[in-house]
Amino acid sequence: MKNTLKYLLLTGGSLLFATAVMAKLPALSDEAKAKAAEAAAKAAWSGKVDAYLSCKSQDRVAAHYYKTAKTAHKETKPAKEMPPCADPGAFSYTPPEVVKPLEASGAHSPAPTATSPPSSKTPAAAIAPVKKP
């Protein structure tokens, strides 16, 4: 009897937990999206800084190797020509400009007020004459 009760409580609790885990999360707000974009930019910058520090460290190790090999009269091959280490500089992030859709920017203007009925006896050439160059 005790084992059955424990089994039912354990099963019920795990089902409640699974239901809570599978609940749909709301969509991110614009502010949260902006923070996520900034965090991604900072992570990319951190990667560049790590690569720069690693490059500088490799340069120091190679210089030390050639120095100690020279003093020990060991034969060394010339080092391969590598591009210089690129310093990424200080972190700076400028958020991208938010581009409004055409409908929100006022691109569609309302139709002009009609000054004459849509069907008139005036020929179209007289209404909008063609300009010749």
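From a predicted model like this one, the values you see are computed outputs, not experimental measurements.
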Trainee: Can you pull the disulfide bond (SG atoms under 2.5 Å apart) pairs that have at least one residue in residues 43-85, sequence neighbours excluded?
Mentor: C55-C85
Trainee: Identify, with sequence neighbours excluded, every residue that meets side chain to side chain contact (heavy atoms under 4.5 Å, CB included) alongside S29.
Mentor: E31, A32
Trainee: Specify the closest pair of heavy atoms between T71 and T68, including all atoms of both residues, with the distance to one decimal.
Mentor: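 Looking at all heavy atoms of both residues, the shortest contact is OG1-O, 2.9 Å.
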Trainee: Quick one: ring-ring contact (aromatic ring centres under 6.0 Å, His included) pairs with a partner in residues 58-91, sequence neighbours left out?
Mentor: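 Found W45-F91.
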Trainee: Give a yes or no on whether the backbone of K42 and the side-chain of S46 come within a donor-acceptor separation of less than 3.5 Å.
Mentor: yes
Trainee: Please identify each residue that fulfils side chain to side chain contact (heavy atoms under 4.5 Å, CB included) with K74, with sequence neighbours left out.
Mentor: A69, A72
Trainee: Roughly how far, to the nearest 0.5 Å, is the OG1 atom of T94 from the CD atom of E38?
Mentor: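 Here the interatomic distance stands at 10.5 Å.
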Trainee: Hey, what do you get for CG (D87) to CG (L53), rounding to the nearest 0.5 Å?
Mentor: 8.5 Å
Trainee: Of all the heavy-atom pairs spanning A34 and Y93, show the shortest one and how long it is.
Mentor: O-OH, 4.3 Å
Trainee: Indicate yes or no for a side-chain donor-acceptor contact from T11 to the backbone of Y7 under 3.5 Å, with no hydrogens or angles considered.
Mentor: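 Yes, T11 side chain to Y7 backbone: donor-acceptor pair under 3.5 Å.
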Trainee: Could you list the residues that satisfy side chain to side chain contact (heavy atoms under 4.5 Å, CB included) with S14, not counting sequence neighbours?
Mentor: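 Result, side chain to side chain contact (heavy atoms under 4.5 Å, CB included) vs S14: none returned.
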Trainee: Hydrophobic side-chain clustering at under 4.5 Å (ILVMFWY, transitive links): who's grouped with V61? Put none if nobody.
Mentor: none
